[in-house]
There are 2 protein chains.
Amino acid sequence: MDDISPIRAKSGTNQEGTSAHNRRVMIEALRLNGALSRADLARATQLTKQAVSNIIEDLESDGLVVALDAVRKGRGQPSTPYRLVPEGAFAIGLHIDRHLTRAVAVDLMGSVLARAEANLPFDEPSKGVEIILELIAGVRRDLAGISAQSEKRLVGLGVAMPGPFGLKDSDDKWMMPAWQKFPLLETLAKGTGLNVGLQNDAAACATAERIVGAAHGVDHAVCLYVGYGIGAGLILNGELYSGGHGNAGEIGMALLAPAGPGSTPLEHRASLASLYQHLGLNPADSDIYEQMNALVLAEDTKMMAWIDGAAHDLRWSVHLIETIFDPQTVILTSGAPEALARRLVEAMHPLLPSIADRPGRMLPRLQLGTTDPWSIALGAAAAPISRAFDPLFSAILKTSPGAA
Amino acid sequence: MDDISPIRAKSGTNQEGTSAHNRRVMIEALRLNGALSRADLARATQLTKQAVSNIIEDLESDGLVVALDAVRKGRGQPSTPYRLVPEGAFAIGLHIDRHLTRAVAVDLMGSVLARAEANLPFDEPSKGVEIILELIAGVRRDLAGISAQSEKRLVGLGVAMPGPFGLKDSDDKWMMPAWQKFPLLETLAKGTGLNVGLQNDAAACATAERIVGAAHGVDHAVCLYVGYGIGAGLILNGELYSGGHGNAGEIGMALLAPAGPGSTPLEHRASLASLYQHLGLNPADSDIYEQMNALVLAEDTKMMAWIDGAAHDLRWSVHLIETIFDPQTVILTSGAPEALARRLVEAMHPLLPSIADRPGRMLPRLQLGTTDPWSIALGAAAAPISRAFDPLFSAILKTSPGAA
DNA sequence: TGCATTAAGTCAACTCGCTTGACTTAATTA
DNA sequence: TAATTAAGTCAAGCGAGTTGACTTAATGCA
């Protein structure tokens with residue numbers, strides 16, 4: 001953000017930027033529409049048939065798209081649809097949580113091809129990094145067994161971990177203080193030789209919903225993630241928004257009232273950490289997931305009470321989010337078992353009135369997203385893919401580091 | 001957003017898009033840095049000297065920039081700095097409020113060159129539009145007296161009025177129901193022959209702060225506007241964010257608590273409307289501004305009580321905004337007298353803790369912005385200028401309607 | 001059966017805007 | 001006075017989308 005030079009200016013662009021943008025537009029169009037012919041693409045992108053032909057030829061020789069069988073649909077020469085090749089690119093995603101870390105390998109379409117997990121020492125990042133590097137190496141080996149070209153086509157490593165990042169030194173047990181100070185990204189970049197990017201867990205969840213979930217093709221969506229903490233992933237104008245310092249959406253610390261006894265952080269009321277505390281569960285238990293599921297299915301009184309309490313605050317969070325962002329939809333995702341997340345969404349209804357309560361809505365105001373515990377790692381992996389292949393403003397600029 | 005064609009895709013770009021982007025980058029660089037030589041611009045934008053030379057030549061012949069005297073600064077040939085020409089473009093801004101409407105003409109630098117105001121019938125838009133068209137015509141005449149080329153260089157008409165827009169039919173007295181239904185933009189477009197754009201008052205305020213105020217050159221800022229209602233103008237990634245349906249930032253309807261007795265819209269506690277009600281003032285009084293000012297200067301008990309109450313809720317609003325957006329700064333602007341706004345900002349301190357409370361901050365967490373009652377009209381006028389001259393993603397696309 | 005119609009896709013020449021590298025201009029410094 | 005440094009220009013080059021004519025291959029109608 002802060003330039004070394006005192007002159008502030010955006011970067012210019014040239015034909016390379018044009019070409020990069022158009023390639024990305026093609027890829028996005030194929031991702032959103034499944035398969036399209038060159039003529040379809042030309043109409044949709046407003047480029048000429050010839051320009052599209054050249055770009056598709058390039059993409060095909062790069063192994064990113066393939067032709068399908070020609071289809072006859074009425075008069076005229078049959079069209080040849082093209083679709084993305086899943087094996088056209090791969091990425092590694094890493095999800096670091098308090099007690100556990102997960103790594104996945106995904107392809108261009110966001111399918112998970114390999115996965116691995118391991119326990120993580122909460123307070124010893126230097127040991128933890130070794131475990132992580134081993135985990136990543138394992139996933140890479142698995143991936144290499146699936147596609148011989150995987151290493152060449154690996155576009156990066158995405159890391160997701162609980163935020164917020166870069167605050168004052170803090171010993172807040174909600175965060176992971178030892179990890180906050182450790183030079184994680186540099187170490188991982190050295191250890192893997194890959195481009196490394198970081199986002200918080202909620203942002204990763206939103207990225208996952210955008211590539212393969214409920215936010216696919218939606219340009220304005222907010223993804224509420226109820227994990228150990230709670231956060232919101234913001235998709236604004238079709239891009240993830242990270243704020244001035246990368247901490248946008250870190251609503252766990254949001255106070256529920258301006259002052260007085262109700263002035264509690266949201267995280268203390270509506271997060272799995274608060275649930276564990278309420279129920280006296282130990283988050284380090286290996287069967288914690290099953291314990292929660294059983295309690296929900298049994299309609300355990302204390303569980304139901306927590307759900308009602310959390311729903312009360314989440315309902316209002318949705319109201320505030322709608323009021324502030326005017327999104328097309330809000331998606332609730334969670335690291336909790338699906339039955340629990342479903343009960344939570346049900347308990348949040350009826351929603352509070354807001355500007356989202358408008359005529360002619362296409363999407364529901366609130367929907368249940370994924371509850372797959374691997375989805376954050378998936379979202380982390382989707383981030384480098386998105387950086388490399390989605391049409392972004394930054395991708396046209398001369399300083400753009402991304403490749404496509 | 002919703003295409004007629006079932007195929008969804010972004011538009012491609014070509015050399016025209018490249019050129020348009022680079023022109024805009026030059027203009028923005030000159031706006032942010034005052035005056036720069038071609039060599040400076042080449043370094044800042046990462047374009048070649050030659051490319052910059054050609055673009056500057058074009059801009060000069062278009063009357064958008066002029067050369068200043070050459071400056072010697074060390075070895076080498078002296079550089080010739082260029083600066084923007086204020087008379088390079090003009091725009092009209094219109095601020096429609098409940099009882100009053102204001103029109104201004106501004107130049108490329110955002111200086112107000114002409115202004116006019118009139119009372120407006122609250123319930124009769126068809127009569128109101130005639131008044132408005134007359135007002136605009138008057139401002140245009142004044143502008144033509146200042147610059148002979150003004151008509152040729154008029155890039156558009158920006159309209160700001162209280163939102164939210166496009167909701168269910170409502171007779172909420174806080175809104176302007178008759179105006180919501182009236183085809184205002186079409187009528188104004190026909191009546192003036194100009195491109196017309198609409199934003200809500202808080203967004204206009206943020207646009208004004210960005211072009212000539214505290215948000216100049218800041219890419220992540222939120223502008224709280226305390227007017228008859230209350231709203232937030234969101235500047236994210238250097239662009240105004242409007243949400244999925246143009247109502248982002250309409251926080252007046254945000255409930256202050258999830259349920260129960262405290263569940264009041266923010267607008268009922270922290271807006272000038274609530275102040276008028278609290279003090280028993282009549283907003284239609286012509287000297288309402290002076291009345292408020294006198295009460296603040298006299299430290300009137302009821303006034304101070306309102307300030308304390310509003311500050312209580314606003315302090316918390318700032319906390320939530322910081323938590324959700326992670327902006328570089330929050331700017332409080334108001335249609336109230338400066339003394340009142342200043343007291344309000346003072347009463348909001350100390351601010352609540354949030355992620356904005358970080359080490360190494362450059363900008364204050366909260367600052368007082370403009371209290372000029374004309375600033376919304378100014379912001380409305382700045383919008384078409386921004387659309388036409390700022391580097392925007394949409395400006396590189398083939399469908400881009402803006403001119404530069 | 002045969003020909004007009006329609007649409008996908010290609011060919012080759014063109015244009016536009018940035019790039020390249022050498023060159024000119026004009027100042028400072030030794 | 002000559003070397004050095006930096007701004008800015010010149011002219012050829014190149015890459016990517018555009019243009020318009022052409023080819024290919026279906027359908028539909030007589």
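In the text below, chain A, chain B and the rest are named by the order of the sequence lines, each starting its count at 1. These numbers come from the heavy atoms of this one structure, side chains and all, not from hydrogens, waters or symmetry mates.
Note on A:S53: a side-chain N or O is less than 4.0 Å away from OP1 or OP2 of C:dT10. Between D:dA7 and B:R43, a contact under 4.0 Å exists linking OP1 or OP2 to a side-chain N or O.
Residues A:A215 and A:I235 come closest through the heavy atom pair CB-CD1, 4.4 Å.
Remark: the A:N22 side chain and the A:S19 side chain contain no N/O donor-acceptor pair separated by less than 3.5 Å.
Between B:Y82 atom OH and D:dA7 atom P there is a gap of 14 Å when expressed in whole angstrom units. Rounding to whole angstrom units, NZ of residue A:K49 and P of D:dT24 are separated by 15 Å. Protein atom CD1 of A:I396 is 20 Å distant from nucleotide atom P of D:dG15, rounded to whole Å. Between A:R24 atom CZ and D:dA16 atom C1' the separation is 17 Å, expressed in whole Å. In this structure, A:L41 atom CG and C:dA7 atom C1' are separated by 16 Å, rounded to whole Å. A straight line from CG of A:D58 to C1' of D:dG15 spans 12 Å, rounded to a whole angstrom.
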Quiz item: With the sugar-phosphate defined as primed atoms, P, OP1 and OP2, and the base as all remaining atoms, what B/S/- string results for nucleotides 11-19 of chain C, 5' to 3', for protein heavy atoms under 4.0 Å?
Solution: BB---BBSB

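Checked options A:L47, A:T45, A:L30; the residue passing with A:V25 is A:T45 (criterion: side chain to side chain contact (heavy atoms under 4.5 Å, CB included)).
Taking the six-membered ring for Trp and thresholds of 30 and 60 degrees, A:Y241 and B:H220 have ring planes inclined between 30 and 60 degrees apart. Using cut-offs of 30° and 60° on the angle between ring planes, the pair B:F393 and A:F393 is parallel.
Look at A:R23 and A:D62 and you find a salt bridge, because one of the NZ, NE, NH1 or NH2 atoms lies within 4.0 Å of a carboxylate O, short of that distance.
Scanning residues 71-81 of chain B for heavy-atom distances under 4.0 Å to DNA chain D yields B:R75, B:G76, B:Q77, B:P78, B:S79, B:T80.
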